[in-house]
Amino acid sequence: MSATWLYFLLVHALSPNGAMAANTNVNADGSFRLVLAPGEYMLQAAAYDRAEPEPVRISVAPGQTADAQITVSRPARLDYEITDAQGSPIPAVISFKLSANRTGVQLDPWFYFNKTTDYGGGFFKTHFALPEPGGVAIRPGTYDVYVSRGLEYEYQKKTITLEPGQAVKETFSLAHSVDTTGYLCGDFHIHAQPSNDANDLLFDKVRSIAAVGLEAPVATDHDVNTDYTPFIEELGLGQYMKSIVGDELTTIRLGHFNAYPLTFDPAKKNWGAPVWFGMSPQDIMQAFRDDPSGNTIVQINHPRDGSMGYFDVIGYNPETGTAQSPDLFSLNFDGMEVLNGTSYDKLEQTVPDWFSFLDRGKRVIGLGNSDNHSTFSLGVGYPRNCVASPTDAPGDMVEDQFIAAVRAQQVTVDGGAFITVTANGTTGPGGTAAAHNGAVTLRITVQAPAWMSLTTMTVIAGGQIIDTRDISAADGIVRFDGAITHTPARDTWYVITVDGDQPLFPVYPAARPYSFTNPIYVDTDGNGAYDPPLAFSGK
């Protein structure tokens, strides 16, 4: 059998009732071979960048060879140039969605079972554009083409018809509408090629990180230390991001633990990551502390995820601050994932957990990370942690300064809205303000790109909701900018949350808005410190 050679072309043999009988890849010389039982078949060729040809009927006789020839069309091509509002080239995500008025494209279901790339949000294809003119081959048809760059930018949509063998050139301009001056934003839980459950090449991962506007990504593959730096340099993306070496230590029954920064050492097993077999949680946390970097943050990942969640494993009770397995309970960690990806159902557990630590004087960093394993599903960078920074240039970020700001809780978690807050003029999150005549005035600003729908802003003091604002009618970029005054009965802390009920399409189609600040603390008795109302028993 022979066929015109195509990149990533598959040939499927279908029985008369449409059931898959066999399939195979096409060789570089255009040939393919199928071993079939005697009978009648339809041969269908499928490639992600070609229109399906008419099926070819064949009859296979016992002990005989049948020959068939399949001819396929050439791919279409979109050539692009993407800039910001000032005309500077930028990385971006290009997402192709079949138009409601599509022509010439049919999604063959048997091909879907053989594809290797998971395009999320109903997109037919996703492409991560570098900050230079480029092009992408695609199956001919009519598409709604969305070009986006994460949570700080507006997106642009064009409906484009792409013909076989032809190229269409389009330019796109994206406005950077959300002002995050003084912050660098990172995702501190990302998986790629070195993880045994991820299928992303490191080059693809780094391209996607740049495309969604992440500035400080942390590589946290399972049980290995990973360094994105060589890939960032080879792709010429150093001005857009500065990465941090990390590791997700992935026990079977004790939970999962992230740590960063770590030392990448190619001469050591697992590039320097600890081997967790036989270690207790206390041993694991201390092993990270002992890393040569000397500045490691230990983070509890998805803490309420059964055997993968440390707080479930130890039976942590946020009301009492105690654990059912006290021998496994350690406070030698710095942060926890309040939100892991789109696990909104876990917030009713993780939020009280986090608040219970704050009430007991354990300044746990509240974090939001993607835990992304498949970059083409459009998840990396949701949510993300925006960290106070003396520079807005990612390439100039000093790792020790960045980590110090994370440790000091100078973090606002951006899951759609970017929130800033001060208390009596003291900048938060992470700061400690003095009450004025017993009162605290919070100055809160909430920003989001114009395409995003938000509903509610909530102000929490010491774990109790003290104010809720409907911001659904606000339009433009600034959705709230005002002051809220509260008179606490004692020292306390404040956290601001913002949420929404509409999907973040087309940027993060599987997500909805959920953002929160880390706490800003208030001293009411004038001793210059936050005095927690509770304490850990025996800790």
Side-chain angles (χ1 to χ4, degrees), residues 75-97 119 123 125-138 143-160 162 166-181 183-187 190 200-217 228-243 375-376 378 380-382 384 386 389 391-397 414 418 447 449-451 477 506-508:
R77 181 178 174 88
L78 175 66
D79 289 330
Y80 56 80
E81 185 174 353
I82 306 169
T83 66
D84 61 18
Q86 287 71 46
S88 298
I90 54 174
V93 180
I94 306 176
S95 302
F96 296 83
K97 191 174 183 67
Y119 296 111
F123 291 120
K125 186 179 181 69
T126 296
H127 175 75
F128 302 115
L130 295 173
E132 58 192 32
V136 54
I138 192 167
Y143 296 90
D144 292 331
V145 180
Y146 296 86
V147 177
S148 64
R149 183 161 158 70
L151 297 171
E152 298 177 26
Y153 283 75
E154 304 303 324
Y155 70 81
Q156 191 172 4
K157 171 190 172 185
K158 293 185 179 183
T159 300
I160 303 172
L162 300 166
Q166 296 183 8
V168 173
K169 185 173 183 179
E170 295 285 347
T171 60
F172 300 87
S173 179
L174 308 182
H176 188 185
S177 55
V178 176
D179 183 5
T180 58
T181 300
Y183 289 83
L184 292 176
C185 300
D187 187 342
I190 304 174
D200 292 338
L201 299 177
L202 283 162
F203 280 111
D204 284 337
K205 202 72 180 195
V206 169
R207 286 180 69 133
S208 72
I209 288 167
V212 300
L214 278 179
E215 298 155 321
Y228 292 152
T229 302
F231 304 92
I232 294 170
E233 292 175 349
E234 186 164 341
L235 290 168
L237 295 171
Q239 75 179 89
Y240 299 97
M241 71 178 84
K242 191 166 186 178
S243 67
T375 199
F376 290 98
L378 296 179
V380 69
Y382 177 88
R384 60 188 63 183
C386 297
S389 170
T391 177
D392 293 304
D396 295 336
M397 181 259 279
D414 186 345
F418 177 68
Q447 298 180 73
W451 56 265
I477 307 306
V507 179
Y508 291 111

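Atom set for the values below is all heavy atoms of this structure, side chains included, hydrogens, waters and symmetry mates excluded. None of the values given here were measured: they were computed from a predicted structure.
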Novice: Using the test side-chain hydrogen bond (donor to acceptor under 3.5 Å, both in side chains), find all partners of Y80 that sit at least two apart in sequence or belong to another chain.
Specialist: H127
Novice: Flag the pair P89 / L130 as yes when at least one side-chain heavy-atom distance between them is below 4.5 Å, and no otherwise.
Specialist: no
Novice: Verify side-chain contact (heavy atoms from CB on, under 4.5 Å) between L214 and M241, making sure each step is shown before the conclusion.
Specialist: CA-CA 7 Å; L214 278 179; M241 71 178 84; over 6 Å; no
Novice: Just wondering, do I94 and I82 contact through their side chains at under 4.5 Å, heavy atoms?
Specialist: yes
Novice: C185 versus D414: any side-chain heavy-atom pair under 4.5 Å?
Specialist: no
Novice: In the structure I gave you, are the side-chain heavy atoms of V507 and V93 within less than 4.5 Å of one another anywhere?
Specialist: no
Novice: Mind checking what makes salt bridge (Lys or Arg N to Asp or Glu O under 4.0 Å) contact with D187, not counting sequence neighbours?
Specialist: none
Novice: With side-chain contact (heavy atoms from CB on, under 4.5 Å) as the test, would you mind laying out the steps for L237 and I209 before giving the verdict?
Specialist: CA-CA 10 Å; L237 295 171; I209 288 167; over 6 Å; no
Novice: Run the side-chain hydrogen bond (donor to acceptor under 3.5 Å, both in side chains) test against K242 and tell me which residues pass, sequence neighbours left out.
Specialist: none
Novice: Strictly by salt bridge (charged side-chain N to carboxylate O under 4.0 Å, His left out), give each pair with a member in residues 78-91 just once, sequence neighbours left out.
Specialist: R77-D79
Novice: With sequence neighbours left out, write down each residue that passes side chain to side chain contact (heavy atoms under 4.5 Å, CB included) with S243, or none if nothing qualifies.
Specialist: P217, D227, Y228, T229, I232
Novice: With heavy-atom distances below 4.5 Å as the criterion, would you say the side chains of Y155 and P449 are in contact?
Specialist: no
Novice: Quick one: side chain to side chain contact (heavy atoms under 4.5 Å, CB included) partners of Q447, sequence neighbours excluded?
Specialist: V178, D179, F418, T445, I477, V478
Novice: I'd like to know whether V136 forms a side-chain contact (heavy atoms from CB on, under 4.5 Å) with K125, so could you lay out the CA-CA distance, the side-chain angles of the two residues, the decisive distance to 0.1 Å, and finally the verdict.
Specialist: CA-CA 10 Å; V136 54; K125 186 179 181 69; 3.5 Å; yes
Novice: Listed by chain and number, what are the ring pair (Phe, Tyr, Trp, His ring centres under 6.0 Å) partners of F128, not counting sequence neighbours?
Specialist: F376
Novice: Tell me the closest heavy-atom pair linking E215 and L184, and the distance in Å.
Specialist: OE1-CA, 3.3 Å
Novice: If the condition is ring pair (Phe, Tyr, Trp, His ring centres under 6.0 Å), which residues does F96 pass it with, not counting sequence neighbours?
Specialist: Y143
Novice: Excluding sequence neighbours, so at least two apart, what forms side-chain hydrogen bond (donor to acceptor under 3.5 Å, both in side chains) with Y508?
Specialist: R384
Novice: Please check: side-chain N/O of D396 versus main-chain N/O of T391, any donor-acceptor pairing under 3.5 Å?
Specialist: no
Novice: If you compare all heavy atoms of P91 against all heavy atoms of A210, which two are closest, and at what distance to 0.1 Å?
Specialist: CB-O, 3.6 Å
Novice: Using modelled atom types and a 3.5 Å cut-off, is there a donor and acceptor pairing between side-chain atoms of W451 and backbone atoms of Y153?
Specialist: yes
Novice: Please report the interatomic distance CG(L78) to CD1(I160), rounded to the nearest 0.5 Å.
Specialist: 5.0 Å
Novice: Minimum heavy-atom separation for A85 to S173, with atom names?
Specialist: CA-OG, 3.9 Å
Novice: Does anything in residues 145-159 pair up under salt bridge (charged side-chain N to carboxylate O under 4.0 Å, His left out), and if so which pairs, sequence neighbours excluded?
Specialist: K158-E170
Novice: Any non-hydrogen side-chain atom of D200 less than 4.5 Å from a side-chain atom of V380?
Specialist: no
Novice: Listed by chain and number, what are the side-chain hydrogen bond (donor to acceptor under 3.5 Å, both in side chains) partners of T159, not counting sequence neighbours?
Specialist: D144
Novice: Please name the pair of heavy atoms, one in L162 and one in A76, separated by the smallest distance, quoted to 0.1 Å.
Specialist: CB-CB, 3.6 Å
